[in-house]
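Below is one structure; the comments refer to it alone.
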There are 2 protein chains.
Amino acid sequence: MILKLDLSSDIPLYQQIRNQIVLAVGKGELKPGESLPTVRQLASDIGVNSMTVNKAYALLKSEGYLLIDRRKGAQVCPLKEEHVGPDADFMEKLTLLAAEATAKGLTKEVFLAACKQAAEKMSQKEE
Amino acid sequence: MILKLDLSSDIPLYQQIRNQIVLAVGKGELKPGESLPTVRQLASDIGVNSMTVNKAYALLKSEGYLLIDRRKGAQVCPLKEEHVGPDADFMEKLTLLAAEATAKGLTKEVFLAACKQAAEKMSQKEE
DNA sequence: TATATGTATTATAATTCGTAATACAAACAA
DNA sequence: TTGTTTGTATTACGAATTATAATACATATA
């Protein structure tokens, strides 16, 4: 797994690791059910402390992105069969982003075009 | 100005203040050119230290949302006349959000419907 | 002349972040 | 069995961040 970390960023390392894994899952580079490197392996690969990776994995587990099993290790959570909608936390983040765009002078059309562009970088679930 | 702060949140107070002001500007509750409360006034209103408010104002200024003038105080930045597009930082945040949605099992259609819903809470610039 | 403004400085306490060194039970391979 | 690896928990440490507090300053305004 290839993760790009920015040591000079003000975003905590465990958050950067979490974001990169979410991006990889969203883009389909990590598929549902696929296993992730072990905590110690990933820590060694990217040159950080294993507890930092553990914190990222625990966060991803609590957010519902990963299943962690002592036998199978950490793996990407299988997609739900039924259709799921956005939760409150997601809408809050999205609304803040829409406000930032609007306050910066982006029209609704430009904002929605950007959303569409972002969505098209993601992998689509097969029906 | 009404700001909702959550003291038990893990989001820093100055960030919460910044977010609330961006939301107010995006929704049109604060209009371009409109004056904001003074640092000391807002600090007194919401019961935080004035340096905490100052930090939020300085952040908003550095992000281009506010103009701060010693004569006029802090005011909402007037909208640019020309059409503006999304910058790299905005697209990065949007892409992460799209990845979170996709990893959670939201289809592209559901994600874009949520984006449209968020956009419609915002005020539209008059042409 | 007073007052109010944004801003800068310094200090202090609490919390967070990253690392480090262990330790443990569970699972697996030999 | 024995040995290794797994996720996880604990404790400690230093550095950075966060929030508050008490001032101070030059500028602008009444």
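Every value quoted in this text rests on a predicted model; they were computed, and no experiment measured them. Side chains included, hydrogens not; waters and symmetry mates left out as well; all remaining heavy atoms used. Protein chains get the first letters and strands the later ones, always in sequence-line order, with residue 1 at the start of each.
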Test of understanding: with side-chain contact (heavy atoms from CB on, under 4.5 Å), list the residues that count as partners of [X], not counting sequence neighbours.
{"X": "B/Asp10", "answer": "none"}
{"X": "B/Glu92", "answer": "none"}
{"X": "A/Pro12", "answer": "A/Tyr14, A/Gln15"}

Could you check which residues of residues 9-16 of chain B get a heavy atom under 4.0 Å from DNA chain D? Sort them by number, please.
B/Pro12, B/Leu13, B/Tyr14
Which residues in residues 59-69 of chain A have a heavy atom closer than 4.0 Å to any atom of DNA chain D?
A/Lys61, A/Ile68
With salt bridge (Lys or Arg N to Asp or Glu O under 4.0 Å) as the rule and sequence neighbours excluded, what pairs involving residues 21-31 of chain A come up?
none
Enumerate the residue pairs fulfilling salt bridge (Lys or Arg N to Asp or Glu O under 4.0 Å) with a member in residues 12-25 of chain A, sequence neighbours excluded, ordered by first and then second residue.
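Salt bridge (Lys or Arg N to Asp or Glu O under 4.0 Å) check on residues 12-25 of chain A returns A/Arg18-A/Glu63, A/Arg18-B/Glu100.
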Using side chain to side chain donor-acceptor pair (under 3.5 Å) as the criterion, list what pairs up with B/Lys55, not counting sequence neighbours.
none
Any residue meeting side chain to side chain donor-acceptor pair (under 3.5 Å) with A/Thr52, in chain and number order, not counting sequence neighbours
none
Using every non-hydrogen atom in the two residues, find where [X] and [Y] come nearest and quote the distance to one decimal.
{"X": "B/Thr38", "Y": "B/Tyr57", "answer": "O-OH, 4.5 Å"}
{"X": "B/Ala43", "Y": "B/Ser50", "answer": "CB-CA, 3.5 Å"}
{"X": "B/Leu3", "Y": "B/Ile17", "answer": "CD1-CG2, 4.0 Å"}

Is the shortest heavy-atom distance from the side chain of A/Cys77 to the side chain of A/Val25 under 4.5 Å?
no
N/O to N/O distances under 3.5 Å, protein versus nucleotides 21-23 of chain C:
{"from": "C/dA23", "atom 1": "N6", "to": "A/Arg40", "atom 2": "NH2", "distance (Å)": "3.4"}

Is the distance from OP1 or OP2 of [N] to the nearest side-chain N or O of [X] less than 4.0 Å?
{"X": "B/Lys55", "N": "D/dT18", "result": "yes"}
{"X": "B/Thr52", "N": "D/dA19", "result": "no"}
{"X": "B/Asn54", "N": "C/dG6", "result": "no"}

Report the residues that fulfil salt bridge (charged side-chain N to carboxylate O under 4.0 Å, His left out) with A/Asp87, sequence neighbours left out, ordered by chain and then residue number.
none
Round to a whole Å and report the spacing from OH of A/Tyr57 to P of D/dA9.
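Computing the A/Tyr57:OH to D/dA9:P distance gives 16 Å.
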Helix axis bend for the helix from C/dT1-D/dA30 to C/dA30-D/dT1 - C1'-based end axes, five pairs, 10° rounding:
30°
I'd like to know if the side chain of B/Thr95 and the backbone of B/Met91 have a donor-acceptor N/O pair within less than 3.5 Å.
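Yes: the side chain of B/Thr95 pairs with the backbone of B/Met91.
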